[in-house]
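One is the number of the first residue; the rest follow in order along the sequence.
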Amino acid sequence: YYTIDTIHAAISADRQVQFLYGEWTMEKKHRYRHGGKVYQVSPYALVWDDENYYLVAYDSAAGKIKHFRVDKMVDIMAADLPRDGKEAYAALDMAVYARKTFGMFTGEEVKVHLRFENHLVGAVLDRLGRDVILVPDGEDHFTVWTDVIVSPQFFAWLCGFQTAAKVIGPDDVVKQMAEHVKSIAEQYE
């Protein structure tokens, strides 16, 4: 709660925040990423996704919008610097950003062509938004073109539909999907 309060206060005061970002080791020890480097970003929003809060912020050093899991942020405090990246954040559609990231994993954003059985219309609209164009493909299927962050979470979402969903293109994403499924299957051979 302290972290969330600090983020809200920094957003209200138009200030950047600083924090350490942690992760767990196999020994169940907490360690800081990047050797304990202090992260400094301009906070813009908090997003709830898959039972976690994420800070959506502009990272000046990287020159782009990034997200950070709030529960992994330690020793957060407001910095005495005004937020930057206002143009980047203004250009960001938060609803679209949250849908594309599939569990807030990072990866390359790609326009993909997907094919689904008709009974999945609701699930597709829930995940991709009502603005997505559904194109009939025979009597039992439809296709969509959509921008997604290609990640293991995206592939897992599709795998949840088993053979009722398929990546049609581009070819490199089809190949990545095939490799994803193959690597899982190999664990059980």
Side-chain angles (χ1 to χ4, degrees), residues 2-25 30-114 127-129 131-132 144-157 167 169-177 179-180:
Y2 172 76
T3 300
I4 291 170
D5 187 52
T6 302
I7 291 168
H8 279 297
I11 291 170
S12 294
D14 194 34
R15 291 289 176 245
Q16 295 183 26
V17 293
Q18 297 176 331
F19 56 90
L20 297 171
Y21 201 56
E23 63 187 349
W24 291 100
T25 67
H30 189 263
R31 73 171 173 212
Y32 297 115
R33 288 192 182 177
H34 304 294
K37 170 193 163 222
V38 174
Y39 288 72
Q40 184 163 320
V41 298
S42 297
Y44 281 96
L46 286 167
V47 176
W48 178 258
D49 185 70
D50 196 25
E51 301 190 25
N52 291 296
Y53 270 117
Y54 291 86
L55 167 64
V56 177
Y58 183 77
D59 183 337
S60 299
K64 64 182 180 179
I65 297 286
K66 289 185 175 182
H67 56 267
F68 304 88
R69 254 184 59 180
V70 170
D71 63 313
K72 294 183 176 186
M73 298 166 65
V74 179
D75 295 335
I76 187 164
M77 58 187 243
D80 194 23
L81 291 168
R83 290 185 302 170
D84 54 4
K86 289 179 173 81
E87 301 81 21
Y89 181 71
L92 182 69
D93 182 328
M94 281 301 297
V96 172
Y97 178 79
R99 279 196 307 267
K100 284 188 214 174
T101 54
F102 288 92
M104 293 296 175
F105 279 74
T106 57
E108 178 186 2
E109 184 174 330
V110 178
K111 185 173 285 297
V112 295
H113 193 194
L114 306 170
R127 175 53 80 171
L128 302 179
D131 294 337
V132 71
V144 298
W145 281 95
T146 188
D147 293 322
V148 299
I149 301 293
V150 176
S151 68
Q153 285 299 105
F154 167 65
F155 294 137
W157 177 70
V167 179
D171 290 341
D172 63 318
V173 178
V174 172
K175 182 179 176 183
Q176 289 177 58
M177 180 67 176
E179 290 170 357
H180 176 82

What closest approach, in Å, do P170 and K111 show between heavy atoms, and which atom pair accounts for it? CD-O, 3.4 Å

Side chains of Y39 and H34 only: does a donor on one sit below 3.5 Å from an acceptor on the other? yes

Measure the shortest side-chain to side-chain distance between M77 and V38 over non-hydrogen atoms and say whether it is less than 4.5 angstrom. no

d(L128 CG, T146 OG1) to nearest 0.5 Å is 4.5 Å

Using a 4.5 Å cut-off on heavy atoms from C-beta on, say whether the side chain of K37 contacts that of Y32. no

State, to 0.1 Å, how close V112 and F154 come at their nearest heavy-atom pair, and which atoms those are. CG2-CZ, 4.2 Å

For the residue pair R83 and Y58, would you count it as a cation-pi contact if the rule is NZ or CZ under 6.0 angstrom from the ring centre and within 45 degrees of the ring axis? no

State, to 0.1 Å, how close I11 and A45 come at their nearest heavy-atom pair, and which atoms those are. CD1-N, 4.0 Å

Can V167 and Q176 be said to form a side chain to side chain contact (heavy atoms under 4.5 Å, CB included), step by step? CA-CA 10 Å; V167 179; Q176 289 177 58; over 6 Å; no

Contact between V148 and V110 at the side-chain level, heavy atoms closer than 4.5 Å - yes or no? no

Please determine whether the number of non-hydrogen atoms from other residues, nucleotides or ligands lying under 6.0 Å from atom NZ of K64 exceeds 12. no

Does the side chain of L55 come within less than 4.5 Å of V41's, by heavy atoms? yes

Heavy-atom closest pair (A57 atom, P43 atom, distance to 0.1 Å) is CB-CA, 3.9 Å

With rounding to the nearest 0.5 Å, note down the distance linking CE in M73 to OG1 in T3. 6.5 Å

Between Y89 and I65, is there a side-chain heavy-atom distance shorter than 4.5 Å? yes

Any non-hydrogen side-chain atom of Y53 less than 4.5 Å from a side-chain atom of I7? no

Would you say Q16 and D84 make side-chain contact, with heavy atoms under 4.5 Å? yes

Can you confirm whether more than 12 heavy atoms, excluding those of K86, are under 6.0 Å from its NZ atom? yes

